[in-house]
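Because only heavy atoms are used, hydrogens play no part in the values below, and waters and symmetry mates are left out as well, while side chains stay in. Because the structure is a prediction, the values reported are computed rather than measured.
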Amino acid sequence: MLTVGDVLKFEVMKNARVRTGKQLLEEKSVQWISVIEMPVENFVRKNEVVLSTAVGCGHDPELFGQFVKDIIQSGASALMIALGRFIFEIPKEVIEMAERNKFIIIEIPWEVRFSDITQEVVRALNDIQYKERRKSERIQQELLKLILKDTDLNRILQFVYNHIGSSILMTDRTGMIQSQINLDPTFIDIWKKYVDEGIIPIQKTDSHLIQDPMFHKFRITEIEGRYIIQLPVLEISSDPKGYLFVVLPSHLSIESFLTQYRINVLEHAATTISLWLSRKNAIEETKTRLRGDFVQELAQGELTSWDQANSKAKLLGYNIKIPYLCIVGVPENFTTLFQKRKHEYDSFEHWLDNMFRYIEEEIFYAAQSLNRQVMMTHQEEQLILFFEASKETKNETPFNFLDLVERRLRNLVPDVVISWGIGSHQEGLEGFKKSYENAKMALYIGRNKKGPGHRTTYESTRMDRVLLNIAQNDEMREIIMSTIGPLIEYDHQRNMDLIGTFVTYNQCHGNVSQTARLLNLHRQSLLYRLRKIESLTGLSLVDSDDLFLLDLSIKIWKMGLYGMNEGNDEEEFSSVNP
């Protein structure tokens, strides 16, 4: 690093006189040098040495004072004023202002050419850059050797840490730590909290840190009094596959840490890790396909031998000896979401593949956060998860798990809507298929009963399953058709909602006044509707058996098992298998 003190050691500066900031000469770095006259505006960069004759100030002390103030505010390293033509002596007020702002002002004789100073500074900067470039090239070669030796990620990060001297970590695209060097456990806990809140990965650099053009390659923020530097790790596409983070000690500033050498090391490290990830991902994609096939085989009950299944699970990194329950999820609005971003992708299939990859990453992160195992695959637009079960907490843990998944997904895709069916744990190898069937049943009932975007557990659907079994009986189909068909047809033609009226009336236990208030109807209007229900169905609303039959028929119809065939004038219903 070239400092203002180094510049003063040049022969051309032998007659220079330091007027303010003597104690800062070895601290202030010099990255640029320029000749500036009024106005300053945005022509001066941070860490720049400014040469000036102050010609624009004439002999006006106030104008000169404003000129110096503007240079101080620009973040320049020092101001060198040529005395003898326009400025003969630096005013006392300017000296005091510079001292208050810890700014360096240097007087140079009028006879000294600015071009001579500029030439010496540029030569020194070029020498430093050349040496740093040679040094960084050696670092690049060493990093490539590590790749060729099939070195693990932790050793690569250790090598980088040895050359930059600050804590470093590698995360996936969600911010989940893959490997880290020299971070204490307390800070790791803080990191996880910031990841959960969506602050990490960094979306935008804090505004006060972007003045220096050298920093534009990075995203920078501050956490718990420490600066965090983020560099994306890219593969073939421009989407980051992960991030390289540097966590600075609390006493270090960004300016003092990010030297050109460290910038070069970090860029080489990001490239090296990208190569490492490309090879790793090729292996992982093969594993993912095999794991997906395995989960599908478990769900379909295609594995009949416990020894065969357990052996296959071990090879894929799974432990099927622990209890699992199945969770099935269906994204409800992917087609709509794609319409908003279709210009960014080649096809819906390409977008869909990316979306499922994002969702799977969030699912793995959520399971890891809860210290639970998860096995997963997706078939078409259906997610199949086997999540580690807990007999003690029953549904609490799956709901906590889905809470975390959806909270993180909202940061990634705010509008996504997913319906979930949660099966129950079943013993034995055949239990995986049973739990999957339970989850599918819960999902089906939940979507038909509550609509999209809800979670339904198998255990909460006992009454619905009773209704499903009743509905499979041919005689029951005829009874339901003759009972509820006229109401559906009448509601369709007159838009009166007789079915909704009956449901509210029944929930109010036949209390006409309460029903009228809830439906916001006049009492006589409600009585008309109730008489219409009786006349259309042939049932009496004061007969308990008739009430039960009508209520049962409506509940089965509301599950979506039967629907009117609008293409036929006759009342006709069709069965929908879950």
Side-chain angles (χ1 to χ4, degrees), residues 1-10 12-110 112 114 117-118 120-122 124-125 128 206-215 227 251-260:
M1 180 179 73
L2 184 68
T3 66
V4 177
D6 295 328
V7 173
L8 288 171
K9 294 173 186 176
F10 298 154
V12 70
M13 299 295 295
K14 64 182 179 181
N15 293 322
R17 179 188 176 198
V18 179
R19 295 301 310 276
T20 64
K22 290 182 181 179
Q23 74 279 11
L24 303 171
L25 295 177
E26 301 305 326
E27 296 178 20
K28 287 290 185 178
S29 65
V30 178
Q31 295 176 348
W32 328 91
I33 185 167
S34 64
V35 179
I36 296 291
E37 304 297 349
M38 288 191 70
V40 175
E41 294 183 352
N42 63 345
F43 297 118
V44 176
R45 290 170 288 193
K46 192 176 180 66
N47 298 327
E48 184 167 83
V49 168
V50 176
L51 302 172
S52 183
T53 65
V55 60
C57 301
H59 300 288
D60 186 338
E62 290 187 8
L63 201 54
F64 179 68
Q66 184 61 48
F67 174 63
V68 175
K69 182 180 179 181
D70 291 344
I71 291 177
I72 292 172
Q73 291 177 344
S74 71
S77 299
L79 170 62
M80 296 184 180
I81 292 288
L83 299 184
R85 179 68 63 88
F86 303 103
I87 298 293
F88 296 94
E89 183 180 3
I90 298 177
K92 178 183 176 183
E93 294 80 10
V94 174
I95 296 291
E96 291 174 351
M97 177 179 62
E99 290 290 9
R100 283 196 308 271
N101 288 278
K102 297 182 179 179
F103 183 69
I104 300 170
I105 296 180
I106 301 169
E107 297 176 349
I108 55 177
W110 183 262
V112 178
F114 284 177
I117 300 174
T118 302
E120 290 296 325
V121 171
V122 170
L125 289 173
I128 291 171
D206 290 351
S207 58
H208 71 286
L209 298 173
I210 61 175
Q211 300 173 17
D212 194 322
M214 288 173 57
F215 301 165
Y227 287 114
H251 66 277
L252 271 185
S253 67
I254 293 292
E255 292 86 350
S256 60
F257 176 80
L258 271 184
T259 62
Q260 187 62 54

Please check if the number of heavy atoms outside Q23 that lie under 6.0 Å from its CD is greater than 12. yes
Nearest 0.5 angstrom please: M13 CE to D6 CG, how far? 12.0 Å
Which residues satisfy the side-chain hydrogen bond (donor to acceptor under 3.5 Å, both in side chains) test with S52, sequence neighbours excluded? E37
Can you tell me which residue pairs pass the salt bridge (charged side-chain N to carboxylate O under 4.0 Å, His left out) test with a partner in residues 14-33, sequence neighbours excluded? E11-K14, R17-E107, R19-E107
When you compare the side chain of R45 with that of N47, does any pair of heavy atoms fall below 4.5 Å? no
Please output the side-chain donor-acceptor pairs of residues 78-99 that fall under 3.5 Å, not counting sequence neighbours, one pair per line with the distance.
none

Given the rule in the side chain to side chain contact (heavy atoms under 4.5 Å, CB included) test, do W110 and T53 qualify, once you have shown the distances and angles that lead to the verdict? CA-CA 8 Å; W110 183 262; T53 65; 3.9 Å; yes
Checking A76 now: which residues fulfil side-chain contact (heavy atoms from CB on, under 4.5 Å) with it, not counting sequence neighbours? V44, V50, I71, S74, F103
Using side-chain heavy atoms (C-beta onward) and a distance below 4.5 Å, is V49 in contact with V121? no
Going by side-chain contact (heavy atoms from CB on, under 4.5 Å), name the residues that satisfy it together with P109, two or more places apart in sequence or in a different chain. N15, E111, V112
Under the side-chain hydrogen bond (donor to acceptor under 3.5 Å, both in side chains) test, which residues partner E120, sequence neighbours left out? R123
Hits for side-chain hydrogen bond (donor to acceptor under 3.5 Å, both in side chains) against S34, two or more places apart or cross-chain, chain-then-number order -> E48
Please round to the nearest 0.5 Å and tell me the distance separating atom CZ of F67 and atom CD1 of I72. 11.0 Å
Residues forming a side-chain hydrogen bond (donor to acceptor under 3.5 Å, both in side chains) with N101, sequence neighbours excluded: none
Residues passing the side-chain contact (heavy atoms from CB on, under 4.5 Å) test with L25, sequence neighbours excluded, are V4, L8, V18, I104
With the side chain counted from C-beta on, respond yes when I108 and I117 share a heavy-atom pair under 4.5 Å apart, and no when they do not. yes
